[in-house]
Structure formats: C-alpha cells, structure tokens
Student: 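Below is one structure. I have some questions about it.
Labels below follow one simple rule: chain letters A, B, ... track the order of the sequence lines, proteins then strands, and each chain is numbered from 1. When reading the values below, keep in mind they use all heavy atoms of this one structure, side chains included, and skip hydrogens, waters and symmetry mates.
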Number of protein chains: 2
Amino acid sequence: MVSPKEAQPSRDVELAWNALASSRLRVTRARRGILQVLASQHGPFSAVEVFERLEKGVCDLVTTYRTLTALEEVGLIRRCDFGDSCYRYEFNTGEHHHHHIICRKCRKVETVDLCVADALERLASRRGYREITHTLEVFAICSQCAKDHKSDE
Amino acid sequence: MVSPKEAQPSRDVELAWNALASSRLRVTRARRGILQVLASQHGPFSAVEVFERLEKGVCDLVTTYRTLTALEEVGLIRRCDFGDSCYRYEFNTGEHHHHHIICRKCRKVETVDLCVADALERLASRRGYREITHTLEVFAICSQCAKDHKSDE
DNA sequence: ATATGTGCAAATTCTTTGCATTAGA
DNA sequence: TCTAATGCAAAGAATTTGCACATAT
C-alpha cells in the first residue's frame with residue numbers, strides 16, 4: 001500500500017492522518033506524504049523544501065502548495081514567515097507553542113520554547129477581537145556568524 | 001522647488017530628510033516623497049500602496065521598491081509582514097516600539113503600544129545572538145467582522 | 001457514483017536586475 | 001565632476017488558477 005519510507009509513520013503522523021478524515025479532507029498520498037515530512041523532519045520548510053523532501057512521485061509542486069494550504073486551514077500544520085518572501089510550514093504539535101530565532105546571515109533556525117505573547121492576546125481579546133493568533137519571530141546574527149564577520153574585515 | 005503637497009513637511013519628515021544626508025543617501029524627490037507619505041499617513045503600506053499615495057510623477061514603482069529597501073537599511077522606516085505575501089513599511093518613530101492587530105477578514109490594522117518580546121530578546125542574547133530584532137503581529141477577527149459573519153449564516 | 005483531489009500548463013503577483021540616462025554633492 | 005539614483009523593459013521567484021483526468025469515500 002505504502003512504500004518503505006512511508007511505512008513507519010510515527011504516532012504523531014498516524015494521529016494526523018486520522019485527523020484528516022475527521023476534517024472532511026480525504027486521506028491521499030500527497031497529504032500523507034507531506035504530513036510525514038513535516039512531522040518527522042526538523043523544519044519549518046517552504047513549499048519547495050517540502051516538495052524536495054517528498055519521495056519522488058508523491059505529488060507535484062502545485063499539489064504541495066494546495067496541500068499545505070489545506071492542512072494549515074484545518075490546523076494540522078502552522079505557517080510562519082521568516083521575512084524572506086516565502087512561507088514556511090511546520091507540524092502543529094498542539095498546545096506546545098514555540099518560536100524561532102533566525103540568523104539573518106546563515107539562516108540557521110533555533111527553536112525557543114518560551115512564548116511571551118499571552119499578554120498581547122489578552123489585550124486583543126479585551127478589545128473585542130476573536131480567534132486570536134499571532135506570529136513572533138526573532139531575527140539576529142548568531143555567535144558563529146558574528147565571529148566570521150569579524151575576521152572578514 | 002517642491003509642489004504644494006510636498007511643501008509642508010512635518011517636523012518628523014524634516015528630521016528624516018536630514019537623516020538621509022547623514023546616511024550617505026542623497027536627498028532626492030523620490031526619497032522625500034516616500035518619507036512624507038509614510039510619516040504623514042497611517043500605514044503600514046506595501047510598496048504598491050506607497051506608490052499609489054505618491055503624487056504623480058514623483059517616481060516609478062521600481063524606484064519605490066528600491067527606496068523602501070534603502071530607507072529600511074538605514075533605519076528610517078521599518079518593515080513588517082502581515083502574512084499576505086507582501087512587505088509593508090511604516091515610518092520609524094524611534095524607540096517607540098509597537099505592534100499590530102490585523103483583522104483577518106477586513107484587513108483593518110490597529111496599533112498596540114505594548115511590547116512583550118523583551119524576555120525573548122534577552123534569552124537570545126544569553127544564547128550568544130547579536131543585533132537582535134523581532135517581528136510580532138497579532139491576527140484575529142475584529143468585533144465588527146465577527147458580527148457580520150454571524151448574520152451571514 | 002460523485003464530489004474531491006491532482007497534474008500540467010499557463011497566468012498572476014510581488015520583487016529584483018541590467019543598462020543607458022539624469023541629477024545630487 | 002563623478003558617483004549615486006532613476007526609468008524602462010525585462011527577468012525572476014513564489015504562488016495561484018483553469019481544466020481534464022484520477023481517486024477516495
């Protein structure tokens with residue numbers, strides 16, 4: 001049914017596949033494959049990066065775009081934006097909210113488990129907003145790149 | 001020299017024009033006009049939105065892009081990203097750090113004077129990062145759109 | 001059986017680049 | 001004067017759309 005690489009879905013992935021069904025989304029090869037990539041590899045990834053990580057023939061790039069949009073709409077994955085004009089997606093591990101530190105130079109991404117935006121969300125809530133979400137990304141120069149830069153000049 | 005609309009720069013704009021000179025950027029019509037728009041109108045605006053607000057003939061769209069990039073590099077304006085695949089810019093009023101609440105439906109933008117990311121920046125600093133900045137945007141459905149939506153269905 | 005999902009080609013949107021011309025310092 | 005800035009045309013990258021065909025439920 002499924003090829004070797006797809007054959008050992010982790011618990012997370014299996015749960016996500018089931019979630020597909022209850023989201024009135026059909027469980028297709030493209031969706032299984034893309035969830036598998038996002039759940040098992042350390043992202044976040046752009047559409048092209050996801051596509052490159054898919055086993056050959058799972059689906060084409062257009063379907064990757066469509067699938068990412070669909071999965072995000074039902075909340076199985078999350079979209080983030082590192083300010084370099086493409087969207088990135090990562091598996092949504094539920095309540096475990098986190099953020100990223102992106103090195104402006106080498107583009108390395110580090111995860112931070114601290115979320116500080118609750119106060120802001122409460123404020124928005126008091127102002128009458130509903131369905132509140134937020135994006136928060138930290139940009140900086142990592143210690144390695146700072147070092148390299150010094151020796152440049 | 002300058003046409004009527006450009007003739008009454010506010011104090012902020014004049015300061016910004018002066019700042020251009022000390023940033024090794026030449027003071028041109030395009031730069032004066034774009035700073036004027038961003039300082040006097042409530043943004044943030046995309047490149048196209050800035051261009052549309054410019055008096056006719058100030059510069060073309062390509063120059064608007066180039067100018068926005070240049071002004072951001074010297075810190076006179078700030079770039080933000082509302083997740084709809086285009087960058088937006090706003091006048092940088094200095095230390096007065098703020099964020100936005102963007103309605104996902106009507107795209108209305110409200111400003112919030114509360115910044116909560118200090119803890120996160122300190123954490124990054126402890127991890128060896130330098131030149132730390134962040135982006136933080138809140139997305140939600142505003143009370144008006146929530147109301148409208150109810151009557152839809 | 002039938003609505004949903006997919007592939008392919010082509011279109012759109014946002015942004016950047018090349019190069020000859022213009023204009024600040 | 002002489003380098004930096006601009007306009008125009010064209011290229012490039014990310015993403016979306018249209019439509020015939022394939023597939024999950």
Student: Might you point out which heavy atoms bring B:H134 and A:L136 nearest each other, and give the distance in Å?
Tutor: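 For B:H134 and A:L136, the tightest heavy-atom pair comes out as CD2-CD1, 4.2 Å.
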
Student: Extract from the structure each pairing of a protein N or O with an N or O of nucleotides 2-4 of chain D at less than 3.5 Å, listing the distance.
Tutor:
residue	atom	partner	partner atom	Å
D:dT3	O2	B:R26	NH1	2.9
D:dT3	O2	B:R26	NH2	2.9
D:dA4	O4'	B:R26	NH1	3.2
D:dA4	O4'	B:R26	NH2	3.2

Student: Please confirm whether the backbone N or O of B:W17 pairs with a side-chain atom of B:R32, one donor and one acceptor, at under 3.5 Å?
Tutor: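 Judged by distance alone, no pair lies under 3.5 Å.
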
Student: Are B:C80 and B:T135 packed together at the side-chain level, in the sense that at least one heavy-atom pair is separated by less than 4.5 angstrom?
Tutor: no

Student: If every non-hydrogen atom of A:R88 is compared with every non-hydrogen atom of A:S46, which pair is closest and at what distance?
Tutor: CG-N, 3.8 Å

Student: Applying a strict under-4.5 Å side-chain criterion to I, L, V, M, F, W and Y, I'd like to know whether B:L54 and B:V62 cluster together.
Tutor: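 As far as the 4.5 Å side-chain criterion goes, B:V62 and B:L54 are not connected within one cluster.
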
Student: For B:A30, which contact category applies under a 4.0 Å heavy-atom criterion: base, sugar-phosphate, or nothing?
Tutor: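 Result for B:A30 = sugar-phosphate.
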
Student: Let me know which of B:H100, B:H42, B:R79 forms a side chain to side chain donor-acceptor pair (under 3.5 Å) with B:E90.
Tutor: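 Of the listed options, the one satisfying the test is B:H100.
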
Student: Mind checking which nucleotides bracket the chain A contacts on DNA chain C, 5' to 3', with an atom under 4.0 Å from a heavy atom?
Tutor: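 Taking any atom under 4.0 Å from a heavy atom of chain A, the span is C:dA3 to C:dA9.
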
Student: Using a 3.5 Å distance criterion without hydrogens, assess whether the side chain of A:R53 forms a donor-acceptor pair with backbone atoms of A:E49.
Tutor: yes

Student: For the backbone of B:Y65 and the side chain of B:T69, can you confirm whether one donor and one acceptor N or O come within less than 3.5 Å of each other?
Tutor: yes

Student: Please give, in whole Å, the distance from D:dT6 C1' to B:L68 CG?
Tutor: 15 Å

Student: Which pair of non-hydrogen atoms, one from B:N92 and one from B:G75, has the smallest distance, and what is that distance?
Tutor: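 Minimum heavy-atom contact is ND2-O, 3.0 Å.
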
Student: Report the C-alpha separation of B:Y87 and B:E72 in whole Å, then their side-chain angles, then the decisive distance to 0.1 Å, and conclude whether the side chain to side chain donor-acceptor pair (under 3.5 Å) test is met.
Tutor: CA-CA 12 Å; B:Y87 293 125; B:E72 205 241 337; over 6 Å; no

Student: For nucleotides 10-18 of chain D, read 5' to 3', which letter fits each nucleotide if B means a protein heavy atom sits under 4.0 Å from the base, S means only the sugar-phosphate is that close, and - means neither?
Tutor: ----SBBBB

